[in-house]
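What you see is a predicted model, and the numbers here were worked out from it, not measured in a lab. Computed from heavy atoms alone, side chains included, the values below leave out hydrogens, waters and symmetry copies.
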Amino acid sequence: MADITLTLPDGNQRSYPAGTTGLEVAKDISTSLGKKAISCSVDDVHRDLSRPIDTDASFAIHTMQDEAQALELIRHDCAHIMARAVQEIWPDVKVTIGPVIKNGWYYDFDREEPFTPEDLATIEKKMKEIINKRDLVRTETWDRARALKHYEDNNEPYKVELVNMIPEGEDLRMYWHGDWQDLCRGPHLVHTGQVPADAFKLMNVAGAYWRGDSNNAMLQRIYGVAFKNKEDLKAHLHMLEEAALRDHRKLGREMDLFHMQEEAPGQVFWHPNGWRIYTLLQDYMRRRQTAGGYVEVNTPQVVDRKLWEASGHWEKYQENMFIVEVDEDHAREKAVNALKPMNCPCHVQIFNQGLKSYRDLPLRMAEFGSCNRYEPSGALHGIMRVRGFTQDDGHIFCREDQIESETAVYIEFLRDIYKDLGFDNFRVKFSDRPEKRAGSDEVWDKAEAALLSATRAAGIEPEINPGEGAFYGPKLEFVLTDAIGRDWQCGTHQVDFVLPERLDANYVGEDGNKHRPVMLHRATLGSFERFIGILIENFSGKLPFWLAPRQVVVASIVTDANDYVTETVAKLQAAGIRAEADVRNEKINYKVREHSLGKVPVILAVGMREVEEGTVSVRRLGNKQTSVQVLTDVIAELSADATPPDMR
RNA sequence: GCUGCUGUAGCUCAGUGGUAGAGCGCGUCAUUGGUAAUGACGAGGUCGGGAGUUCAAUUCUCCCCAGCAGCACCA
């Protein structure tokens, strides 16, 4: 047999007979490497050590020190080991798929009985037994017929379906963890004992549709997390506990920002503190939009179905709309209306008033538009996903050749705002043409190219969401992450060729003829509700001073200082600082604790010493040290911090 | 919407087939305390809603509502 040459990471080359396995190479390099090896990369493809190598290639051995490969294998083997454990305990359970995900893996099972938390403990125990058996992981390549027969004989209908989905001519790799077998692309560890038995944990069970389609059966998905060692697992679990403390729903209560109740699911009762944040953010956005060349408008909440029929929403979006049927005696006409789920059709109505000229374009129209959408009950989530919300919405009416420049301007606009609000990093997703769409391919080509090129010109390489665009045009999504790493789309920028057509928007061009404008739908925060939720979690409630609903509490240490407290508060307020007095008959420790928990950024404590000296004792949130300062200095400092970033 | 879980005082939670309990918070009184909980006393609940089983239901069963986790959805 011919020899092959493997080039190692350090540049050294070694020759072996073709068909040598990675494990053999590892052992040949050194006995200890042979023991430590977990997998290899052949021409940068991550592969099993047991797989023969047939051609010249670059070659690297991986050990547990190679974080990326080690974690992938640990998690992937955990998935298989868990599936084996489940079938050993409940042989009737049908297996499906179990991929590696962030921090761990999941595996979907079909079982009549739901898995209970006690079951998870049982499965975990069984997994540890399997790991301790140190069973070899074996692999074979099968042809399709053999795989189908095997799964039919074993009554594994989901696996049969999976085999049938794999394109003809592709190898079917079968893996055995001991006697337990699964169809899998691999790669895997050498034996089950390489999985650290104390570094994984089964987290929870939840339903998930087979192949992600809600028309299919619902399976039971078990999630697990796994790491290289016990310490990493512990750190991860600790991080989750910390994240739970930042949950906006918890902080919203503790900081007295808002509440929600059964009578209005998915809608927010904003308390004074929360509404303070909301209005500050709105004031800020209004200034930014004005500076950005937008005109602000406001449009109706309740709109006749005729407009929704014309816009296409009645047909495509009706099940998500709150329908308002006025059928009382007092109604002038028996009309069917809908609460607006979005503002775009209303903005076109404003655009359509009077004749527009090409000189009016681009026309940037903004509205803090309150929308209501009947979101599926299971989608609701705190103030992040609600049924009633207000978008910082805007529509740019422009010519086709202005899409790119308007997009570029918008990305800078958004980036600057995100930076002001504490988000220097955010993700951008680009969604291109879906299968069902309006408009010609030629127009889509242009729109996609314009969005992409403007995004790249801004130095952003977007993640591509193939086929996820709206039916009317491609879109950019600006994504922020919550406390536990869930993604939320906040900003959006979408090209729309359809709505101007449907609602017959037009302008007079240089040539004196009517032309169709393009609409760019854009929202920067997305909605105030969601963005405030993200802000709260991002800052753990400790909002920047200018956005903090309660900025300063002046607390008396003794009753004799109460008058001085009142005077101090008045001076702070005169300087435009949100200050309040705490002259309750409580110890200073108590007051400090309470306002610290309430995330008040600055506590000014005053006792008789301060009264006599005309000073205040300043304590900043999260800082145990205090400093005694004269009030005018404090006011000067705080006034600077209280100034919104765009006004500094 | 789907699968599973949960719903007891303002909050966090305990508990029981014989109509309920703690801590915090709230109120009153005492206390004037120097930077994350001063003490005593007191008020506060149709045990998510409805129906059923039962002599008796907050507890068991069913339906509904809401919330939580995940899935699907987010034009």
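Scanning atom types as modelled, one donor and one acceptor separated by under 3.5 angstrom connect the side chain of A/R619 and the base of B/A36. Looking at A/R211, its side chain has no donor and acceptor atom pair within 3.5 Å of the base of B/C71. A donor-acceptor contact under 3.5 Å links the side chain of A/E610 to the base of B/G34. Put simply, the side chain of A/Y209 and the base of B/G1 share a donor and an acceptor less than 3.5 Å apart.
For the pair A/R75 and A/F227, the distance from NZ or CZ to the six-membered ring centre is under 6.0 Å and the angle to the ring normal is within 45 degrees. Figure legend: cation-pi geometry between A/R211 and A/Y209 absent, as NZ or CZ is not positioned both under 6.0 Å from the six-membered ring centre and within 45° of its axis. A cation-pi contact links A/K316 to A/F471, judged by a cut-off of 6.0 Å to the six-membered ring centre and 45° from its axis. The cationic atom of A/R387 (NZ for Lys, CZ for Arg) lies less than 6.0 Å from the six-membered ring centre of A/Y374 and within 45° of the ring axis.
Place A/A208 and A/D560 on RNA chain B by their nearest nucleotides, and A/D560 ends up nearer the 5' end. Where A/A470 and A/E594 meet RNA chain B, the nucleotide closest to each residue was compared, and A/E594 sits on the side nearer the 5' end.
Backbone-only engagement by A/K475 is indicated by non-hydrogen atom pairs under 4.0 Å involving sugar-phosphate atoms exclusively. Here A/E586 lies in heavy-atom contact (under 4.0 Å) with a base. Across all strands, A/Y106 comes closer than 4.0 Å to no nucleic acid atom at all (heavy-atom distances). If you check every strand for non-hydrogen atoms under 4.0 Å, A/I603 touches nothing. Backbone-only engagement by A/G212 is indicated by non-hydrogen atom pairs under 4.0 Å involving sugar-phosphate atoms exclusively. If you check every strand for non-hydrogen atoms under 4.0 Å, A/P114 touches sugar and phosphate atoms only. Here A/M608 lies in heavy-atom contact (under 4.0 Å) with a base. The residue A/V205 sits apart from the nucleic acid: no heavy atom pair falls under 4.0 Å. Across all strands shown, A/G469 has no heavy atoms under 4.0 Å from either base or sugar-phosphate atoms.
Ring pair A/W488/A/H381 is tilted by interplanar angle, where 30° to 60° counts as tilted.
Looking at the side chain of A/N204, the nearest of the listed nucleotides B/A69, B/C71, B/C26 is B/A69. Here the side chain of A/R253 is nearest to one of B/G70, B/U12, B/C26, namely B/U12. Residue A/N589 has its side chain nearest to B/U38 when only B/C71, B/U38, B/G1 are considered. Comparing B/C26, B/G33, B/U3 by their closest approach to the side chain of A/Y590 singles out B/C26. The listed nucleotides are B/A36, B/C2, B/A69; the one nearest the side chain of A/A206 is B/A69. Checked against B/U3, B/A36, B/U35, the side chain of A/A605 finds its nearest nucleotide in B/U35. Which of B/G4, B/C71, B/C73 sits closest to the side chain of A/A379 comes down to B/C73. For A/R385, the listed nucleotide lying nearest its side chain is B/C74; candidates were B/C74, B/C26, B/G70. Minimum atom distance to the side chain of A/V592 is reached by B/A36, of the listed B/G34, B/A36, B/C26. Checked against B/A36, B/G67, B/G34, the side chain of A/L380 finds its nearest nucleotide in B/G67.
Checked by atom type and distance alone, the side chain of A/R530 pairs as donor or acceptor with a backbone atom of A/Q489 at under 3.5 Å.
The partner of B/G1 is B/C71, judged by Watson-Crick or G-U wobble contacts that both fall below 3.5 Å. With a cut-off of 3.5 Å on both Watson-Crick or G-U wobble distances, the partner of B/G34 is given as none. With both pairing distances under 3.5 Å, B/C41 is matched to B/G27 as a Watson-Crick or G-U wobble pair. Nucleotide B/U58 has no partner under the Watson-Crick or G-U criteria, as no pair reaches both atom distances under 3.5 Å.
When every heavy atom of A/N372 is checked against every heavy atom of A/G388, the shortest pair comes out as OD1-CA, 3.5 Å.
You'll find the ring centres of A/H80 and A/W105 outside the 6.0 Å limit.
Residue A/R249 places at least one side-chain N or O closer than 4.0 Å to OP1 or OP2 of B/C68. For B/C2, neither phosphate oxygen OP1 nor OP2 lies less than 4.0 angstrom from any side-chain nitrogen or oxygen of A/S214. Between A/Y317 and B/C73, a side-chain N or O to OP1/OP2 separation shorter than 4.0 Å is absent. Applying the 4.0 Å criterion to OP1 and OP2 of B/A69, one finds that A/H381 has a side-chain N or O inside that range. Dashed line: the shortest gap from a side-chain N or O of A/R486 to OP1 or OP2 of B/G70 is under 4.0 Å.
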